There are 2 protein chains.
Amino acid sequence: MPRTADHDARRRQIAEGVRTIVSEAGLDAATVARVARASGMSVGLVQHYFPSKDALLLFAYRHVMDRIGTRVAQRVAEGEAARGTIAASLRAALREMLPLDHERRSEYRVAQAFAGRSLDSAELAEVGAQTSRRLRDQIAVAVGNGKECGEVEPEVDTGLAAARVLAVTEGLAVQLHREPHGRAGTHPLAEAADAVLLPTLESVFTGTCRQYSR
Amino acid sequence: MPRTADHDARRRQIAEGVRTIVSEAGLDAATVARVARASGMSVGLVQHYFPSKDALLLFAYRHVMDRIGTRVAQRVAEGEAARGTIAASLRAALREMLPLDHERRSEYRVAQAFAGRSLDSAELAEVGAQTSRRLRDQIAVAVGNGKECGEVEPEVDTGLAAARVLAVTEGLAVQLHREPHGRAGTHPLAEAADAVLLPTLESVFTGTCRQYSR
DNA sequence: GAGATAACCGTATGGACATACGGTTATGGC
DNA sequence: GCCATAACCGTATGTCCATACGGTTATCTC
């Protein structure tokens with residue numbers, strides 16, 4: 001047997017290169033040659049791990065979106081462990097989607113760039129759609145738990161509430177990214193984000209939890 | 001004097017070509033040659049009216065965003081003329097931003113494509129930011145009018161409410177575009193849109209108008 | 001009706017890039 | 001230690017495209 005390499009690790013390394021380039025200079029700047037350099041390898045090696053540039057970009061997109069989805073899920077889990085209210089842990093999770101710091105801002109830019117290119121490619125579009133569904137389902141679960149617990153009125157339409165919460169979060173992300181300095185009156189970004197997010201959350205989570213733990 | 005042409009009309013004609021191509025096949029498909037063909041003219045003529053491709057795209061982006069902004073303003077004006085509630089005319093205006101029919105869907109796709117490319121170009125980003133500010137200001141005016149009229153409680157923060165309404169609208173647009181068939185339970189798109197939009201509007205416009213006209 | 005000038009056309013050119021490909025190197029098993 | 005084979009490299013190739021450019025046509029003015 002010849003020498004071996006960790007294919008998955010290599011691919012992730014390349015995807016990180018894509019992420020860096022795209023977030024700094026946009027998707028058009030992500031040529032194979034530049035991606036190779038950014039990942040510290042040669043053009044030929046990148047070709048070795050991906051059959052085409054399309055496959056490369058698709059993988060990178062999935063990579064980034066998975067990271068976001070995972071982080072959101074993680075925050076929800078943390079919230080449950082901390083035994084806070086469901087509304088509080090959902091708030092923490094949703095904030096993971098907002099471009100509030102360098103890391104998340106970078107991810108947001110990448111997601112935006114790929115969303116734009118999704119007009120061409122059904123495959124890319126599917127990645128975005130899947131991520132969106134996954135997020136909305138996670139929110140819906142939180143709302144459902146809220147019903148059992150007493151934080152949410154039983155007659156609330158779970159799916160609709162989830163759609164509304166996701167909509168306000170995504171829309172807020174758009175605005176935060178366009179105006180990173182914060183609006184006239186409101187000072188730090190974090191406050192502005194809560195000022196938009198919390199009223200919507202409170203309109204769904206109107207009650208308080210009856211029992212100590214689910 | 002030699003023969004003359006309507007420069008503005010020509011430029012708009014070209015911008016329409018861009019819009020068609022981008023909405024059907026994405027920004028990458030918008031080569032100068034294809035734009036020329038789609039607008040029914042030669043490559044040379046397109047060059048005659050735009051100094052560079054960047055300038056061409058910038059103009060086209062402005063063109064599309066202006067159209068959206070104008071349509072929104074128009075709906076608000078219509079609502080005032082009809083003497084309905086402010087909430088009702090705002091609802092009509094916001095629906096102009098949603099990808100509910102072919103026309104608006106096409107515009108949404110173009111806006112999305114350009115938003116993605118805005119990572120490269122500060123000029124493109126500025127167009128998006130301006131449009132966003134314009135929309136939020138229009139909403140803020142509506143909320144302000146609502147206060148005078150009695151539809152909105154005086155202690156509501158106008159800017160924040162506007163940001164929230166815009167956020168939910170933009171976020172809803174994202175979801176509608178990704179799932180054009182409508183979600184499991186909800187039948188036509190229009191209903192689904194209202195189901196998300198109206199609760200948010202009602203959380204701002206809680207009262208009824210005291211006087212017959214402003 | 002003449003000619004000046006803008007409107008308009010088609011092709012040439014040079015650059016950028018994705019991909020193909022032949023070659024080199026290192027390392028697992030024997 | 002040797003050899004098979006994957007890991008890895010650099011360059012060649014052909015395509016696509018934005019832009020440059022020289023040429024043609026129509027029309028407004030006088």
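Source: prediction; values computed, not measured. Letters go in sequence order (proteins before strands), and every chain restarts at 1.
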Handout entry: A/E123, CD atom: more than 12 neighbouring heavy atoms under 6.0 Å
Key = no
Problem - Contacting residues from residues 17-31 of chain A, given that a heavy atom lies under 4.0 angstrom of DNA chain D - result: none
Exercise for the section: Mind telling me whether B/F114 and B/Y61 have parallel, tilted or perpendicular rings, with 30° and 60° as the class edges? Expected result: parallel
Fill in the blank from the handout: A/R37 CZ to C/dA16 C1', in whole Å, measures 14 Å
Handout entry: Short side-chain N/O contact to D/dA7 OP1/OP2 from A/R10, under 4.0 Å
Key = no
Completion exercise
Under a 4.0 Å heavy-atom cutoff, the residues of residues 40-59 of chain B touching DNA chain D are B/V43, B/Q47, B/S52, B/K53
Practice task
Kindly indicate, with the supporting measurements, whether the criterion salt bridge (charged side-chain N to carboxylate O under 4.0 Å, His left out) is fulfilled by A/E16 and A/R19.
Solution key: CA-CA 5 Å; A/E16 278 304 303; A/R19 191 176 82 86; 3.1 Å; yes
Problem - Exercise: identify the closest heavy-atom pair between A/A113 and A/V22 - result: CB-CG1, 3.8 Å
Practice task
Give the rounded distance in Å between these two atoms: CG of B/D6 and P of D/dA26.
Solution key: 20 Å
Fill in the blank from the handout: note: B/R3, atom CZ; D/dA26, atom C1'; distance rounded to Å ~ 4 Å
Practice task
Give a yes or no on this: more than 12 heavy atoms of other residues, nucleotides or ligands lie within 6.0 Å of atom CZ of B/R37.
Solution key: no
Completion exercise
Bend of the helix from C/dG1-D/dC30 to C/dC30-D/dG1 from end-axis comparison, five pairs per end, nearest 10°, comes to 20°
Exercise for the section: Please determine if a side-chain N or O atom of B/H7 lies less than 4.0 Å away from the OP1 or OP2 oxygen of C/dA7. Expected result: yes
Practice task
Please say whether more than 12 non-hydrogen atoms of neighbouring residues, nucleotides or ligands are located less than 6.0 Å from CZ in A/R134.
Solution key: yes
